[in-house]
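Sequence lines set the chain letters: A, B, ... in the order given, protein chains first and strands last, and positions in each chain run from 1. In what follows, every heavy atom counts, from backbone to side chain, and hydrogens, waters and symmetry copies are set aside. In this text, all values refer to a predicted model and were calculated from it rather than measured experimentally.
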Number of protein chains: 2
Amino acid sequence: MTTTAAEPIALSRRELNKVATREAIATAALELLRTNGMNGFTADDIAVAAGVSRRTFFNYFSSPEAAVASFTQKYLDKVIEQLLLRPQDEPLLESTQHALTAVAPTDLATLAETFALTQGDAQLSRFQLEAWDNCSSKIIAAIGRRLALPEGEAAGGSDANGELYLHALVQSVIACGRAAVEVWFRRHGADISAASLAQLRELLISAIGHLRTGFHS
Amino acid sequence: MTTTAAEPIALSRRELNKVATREAIATAALELLRTNGMNGFTADDIAVAAGVSRRTFFNYFSSPEAAVASFTQKYLDKVIEQLLLRPQDEPLLESTQHALTAVAPTDLATLAETFALTQGDAQLSRFQLEAWDNCSSKIIAAIGRRLALPEGEAAGGSDANGELYLHALVQSVIACGRAAVEVWFRRHGADISAASLAQLRELLISAIGHLRTGFHS
DNA sequence: TGCACAAGTTGCACCGAGTGCAACGGCCGC
DNA sequence: GCGGCCGTTGCACTCGGTGCAACTTGTGCA
């Protein structure tokens with residue numbers, strides 16, 4: 001069901017170390033955020049906790065905030081991964097709803113937690129925003145690639161007007177995702193229980209549902 | 001036509017000075033961005049150009065990026081201002097389209113220019129994102145206040161499910177706005193001519209139009 | 001008008017983010 | 001096992017950002 005589709009590429013020892021280091025740094029950052037709160041740790045602290053030098057920390061992340069945001073990035077990347085597994089002729093909104101349900105609850109939990117933990121700090125929030133926006137760009141790029149290949153860019157009115165359509169659609173999808181998380185947080189605060197997360201998933205599906213049926217307030 | 005609706009409040013000398021200083025700093029920042037490019041100036045430079053001390057700069061803006069983002073903020077605030085002048089029973093999407101046409105082209109020009117100038121720098125882009133997001137929050141708060149007052153929160157299914165609806169709607173509107181600017185930039189680059197800006201306004205209206213008719217790709 | 005107070009500005013000192021550079025140490029191919 | 005490559009580290013430096021205390025300027029009041 002989870003359909004991880006992990007490619008069995010053999011990693012060299014070096015690459016393996018890099019991945020491990022990156023993960024150690026990221027988890028150290030999250031752990032410090034959990035315990036010390038929003039402004040309670042420095043890049044030094046993260047480096048020490050991860051067992052690397054301060055300089056090495058900056059070789060992996062451009063800032064402490066970026067390390068935290070990597071978790072949001074990772075979750076959204078998994079959703080994209082699932083999204084691209086859906087049939088190409090399926091409407092995007094439907095595909096998105098399926099993709100959202102296909103991602104494991106564990107990943108959703110870290111998304112929810114990091115969102116909750118970053119609320120209240122301006123810079124952390126900005127990096128969260130950036131993560132969502134990167135997600136937009138990636139989806140637009142992927143779908144744009146799909147559309148460009150098969151029919152030479154001039155099919156179904158996809159050329160000039162379609163560019164705006166695509167951007168508006170995808171960005172709206174992301175917007176609804178963020179809206180769902182926001183509403184969830186307003187209701188449940190930092191509650192990461194399974195029941196609460198189920199509500200969050202429900203809200204995510206509903207938000208996309210609103211986009212499917214249209215807004216006519 | 002422009003309906004500026006400026007309140008004729010008499011400002012004291014102190015407040016007048018503050019406004020002037022703030023404006024001097026912001027314009028100095030924009031000017032430096034124009035001439036020196038994305039990473040070509042420091043907080044010191046801005047302060048000197050504005051004729052204040054470095055410390056005073058930070059009394060007005062939390063960072064150089066914030067000073068630049070103030071222009072985007074200002075434009076979006078003007079749109080909100082127009083939005084709230086529309087009749088309350090008008091659908092939000094329609095109100096938004098009207099509000100967008102009501103704002104003067106001059107303001108749209110600075111929005112477009114700052115967008116173009118901030119592309120390529122990560123931190124500047126993050127502050128742009130934040131400005132758009134703040135706009136979401138303000139609109140949601142304003143409309144939420146409207147809905148809460150007249151009927152005691154339990155009318156038209158606006159209570160629990162309506163919260164998600166409202167957030168998803170408003171955030172989608174903002175998303176479409178950003179999408180329009182993005183598409184405009186992809187096509188016109190840094191061209192700020194009247195013709196180009198007319199195209200941008202057209203794209204903004206069209207993007208909201210897509211939201212009105214719904215997405216069924 | 002003059003005086004006392006409030007509000008804004010400035011300089012200073014300090015900490016943390018972020019980066020270029022050069023030396024070091026472990027993985028890799030041969 | 002050995003030379004070369006890649007990642008790590010320490011160092012030094014710049015800039016962002018802030019608390020604090022002295023100073024200057026606008027404001028209210030007598």
Ignoring backbone atoms, test whether T56(A) places a side-chain nitrogen or oxygen under 4.0 Å from the OP1 or OP2 oxygen of dT8(D). no
How long is the line joining NZ of K18(B) and C1' of dT24(D), in whole Å? 16 Å
Indicate yes or no for a side-chain donor-acceptor contact from S196(A) to the backbone of I192(A) under 3.5 Å, with no hydrogens or angles considered. no
Between the main-chain N or O of A47(B) and the side-chain N or O of T56(B), is there a donor-acceptor pair closer than 3.5 Å? no
Side chain to side chain contact (heavy atoms under 4.5 Å, CB included) with L83(A): which of I139(A), V103(A), L100(A), V173(A)? I139(A)
T21(B) side chain, from C-beta outward: closest of dC28(C), dT9(C), dG8(C): dT9(C)
Find the distance N36(B):CG to dC15(D):P and express it as a whole number of Å. 13 Å
In this structure, how many angstroms lie between the C1' atom of dC15(D) and the CG atom of N39(B), rounded? 11 Å
For the pair E31(A) and R34(A), evaluate salt bridge (charged side-chain N to carboxylate O under 4.0 Å, His left out) and give the outcome as yes or no after the intermediate values. CA-CA 5 Å; E31(A) 189 56 35; R34(A) 273 198 266 250; 3.4 Å; yes
Considering only dC6(D), dT8(D), dT9(C), which nucleotide approaches the side chain of N59(B) most closely? dT9(C)
With the sugar-phosphate defined as primed atoms, P, OP1 and OP2, and the base as all remaining atoms, what B/S/- string results for nucleotides 13-23 of chain C, 5' to 3', for protein heavy atoms under 4.0 Å? ---SBBBBB--
Separation of dA6(C) atom P from E15(B) atom CD, nearest Å, is 17 Å
For the residue pair Y165(A) and H210(B), categorise the inter-ring angle as parallel (less than 30°), tilted (30 to 60°) or perpendicular (more than 60°). perpendicular
Please report the distance, rounded to the nearest Å, between CG in L16(B) and P in dT25(D). 17 Å
Within less than 4.0 Å of OP1 or OP2 of dT8(D), is there a side-chain N or O belonging to Y60(A)? yes
With a 4.0 Å cut-off on heavy atoms, is R14(B) in touch with a base, just the backbone sugar-phosphate, or nothing at all? base
Residues passing the ring pair (Phe, Tyr, Trp, His ring centres under 6.0 Å) test with F115(B), sequence neighbours excluded, are F185(B)
Residue pairs passing the ring-ring contact (aromatic ring centres under 6.0 Å, His included) test with at least one member in residues 37-66 of chain A, sequence neighbours excluded, are none
Whole angstrom value for the distance that separates P of dT8(D) from CG of N17(A): 8 Å
